[in-house]
Amino acid sequence: MRTAQQILADATVIAVVGASRDPHKAAHTIPLQMLRHGWRIIPVNPFVDEVLGVPAVPTLADIGEPIDLVNVFRPARDAVEVVRQAVAVKAPAVWLQSGIVSAEARRIAEEAGLDYVEDRCLAVERALGQLTRRA
């Protein structure tokens, strides 16, 4: 299994499940930071048309391209279904944001061979590793 830093270093396209238009929520500010540092994000939210100027899709299955990482901003009770969807679309890694922990989601991801991170902030890990996708 890759480390959190390796997952980020290898990723280019991040699907953000639960991305928000509310600038006061982490599900908005963290994807914004990733965009600013050169990653592509695809907001996954069935209730909005766009987030941060990027068209949103209702589910992971609606993304018509390979995904490098699924970043989850949903309650832990939803994580199991999100991980099942990540497995179905062949995403190589799933990352549950700070405060989100699910033993069942971890088991499903590991059994499917996905890299898995939980209860950690994507933007904090990016900053700690001084990672960027910009040339």
Side-chain angles (χ1 to χ4, degrees):
M1 184 186 289
R2 295 177 294 168
T3 67
Q5 297 286 313
Q6 289 169 324
I7 292 168
L8 278 177
D10 293 345
T12 301
V13 178
I14 303 172
V16 183
V17 178
S20 176
R21 292 184 299 187
D22 184 341
H24 299 101
K25 290 188 173 184
H28 179 89
T29 59
I30 292 168
L32 176 60
Q33 287 303 311
M34 301 314 288
L35 274 172
R36 286 180 174 165
H37 289 279
W39 280 266
R40 275 191 56 230
I41 67 150
I42 300 172
V44 181
N45 184 327
F47 304 108
V48 300
D49 293 330
E50 61 86 25
V51 175
L52 299 165
V54 180
V57 296
T59 69
L60 290 173
D62 295 306
I63 298 173
E65 64 183 277
I67 306 162
D68 300 312
L69 173 60
V70 175
N71 184 215
V72 181
F73 287 91
R74 298 292 304 140
R77 68 181 175 274
D78 297 343
V80 172
E81 181 55 31
V82 173
V83 171
R84 285 188 179 120
Q85 290 177 25
V87 170
V89 299
K90 298 180 175 34
V94 174
W95 188 305
L96 277 56
Q97 277 298 132
S98 297
I100 308 171
V101 176
S102 172
E104 179 70 2
R106 176 181 289 277
R107 182 190 63 75
I108 293 166
E110 289 176 349
E111 286 179 0
L114 274 66
D115 292 316
Y116 183 88
V117 176
E118 65 182 12
D119 194 22
R120 292 178 67 183
C121 179
L122 198 69
V124 168
E125 292 295 326
R126 188 221 56 80
L128 288 172
Q130 299 180 346
L131 299 171
T132 185
R133 297 303 297 163
R134 298 215 183 275

Count the heavy atoms of every other residue, nucleotide or ligand shown that sit under 6.0 Å from [atom1] of [X], and state whether that count exceeds 12.
| X | atom1 | value |
| --- | --- | --- |
| D49 | CG | no |
| E65 | CD | yes |
| R2 | CZ | yes |

Could you tell me if the side chain of [Y] sits less than 4.5 Å from the side chain of [X], heavy atoms only?
| X | Y | answer |
| --- | --- | --- |
| W95 | L69 | yes |
| V87 | L114 | yes |
| H37 | R133 | no |
| P31 | L52 | yes |
| L35 | R40 | no |
| V17 | L60 | yes |
| D115 | Q6 | no |
| S102 | V80 | yes |

Taking every non-hydrogen atom, the tightest pair across V51 and R21
CG2-CG, 3.9 Å
State whether the side chain of [X] and the backbone N or O of [Y] hold a donor-acceptor pair below 3.5 Å, judged by distance alone.
| X | Y | answer |
| --- | --- | --- |
| H28 | S20 | yes |
| Q97 | D119 | no |
| S98 | C121 | yes |
| N45 | A19 | yes |
| D68 | I14 | no |
| D62 | T59 | yes |

Nearest 0.5 Å please: distance from the [atom1] atom of [X] over to the [atom2] atom of [Y].
| X | Y | atom1 | atom2 | result |
| --- | --- | --- | --- | --- |
| E111 | R106 | CD | CZ | 12.5 Å |
| E125 | T3 | CD | OG1 | 8.5 Å |
| L128 | L8 | CG | CG | 10.5 Å |
| M34 | T132 | CE | OG1 | 9.0 Å |
| F73 | L96 | CZ | CG | 10.5 Å |
| Q5 | R126 | CD | CZ | 10.0 Å |

Just do the side chain to side chain contact (heavy atoms under 4.5 Å, CB included) check on Y116 and V83 with the steps written out, would you?
CA-CA 10 Å; Y116 183 88; V83 171; 4.3 Å; yes
Steps toward side chain to side chain contact (heavy atoms under 4.5 Å, CB included) verdict (L131, W39)
CA-CA 10 Å; L131 299 171; W39 280 266; 3.9 Å; yes
Examine [X] and [Y] and state if one hydrophobic cluster contains both, with Ile, Leu, Val, Met, Phe, Trp and Tyr joined whenever side-chain heavy atoms are less than 4.5 Å apart.
| X | Y | result |
| --- | --- | --- |
| V89 | I42 | yes |
| L32 | V124 | no |
| I41 | I67 | no |
| V117 | I100 | no |
| V48 | V82 | no |

Could you walk me through whether V72 and V94 satisfy the side chain to side chain contact (heavy atoms under 4.5 Å, CB included) test, starting with their C-alpha distance in whole Å, then the side-chain angles of each, then the deciding distance to 0.1 Å, before giving a yes or no?
CA-CA 8 Å; V72 181; V94 174; 4.1 Å; yes
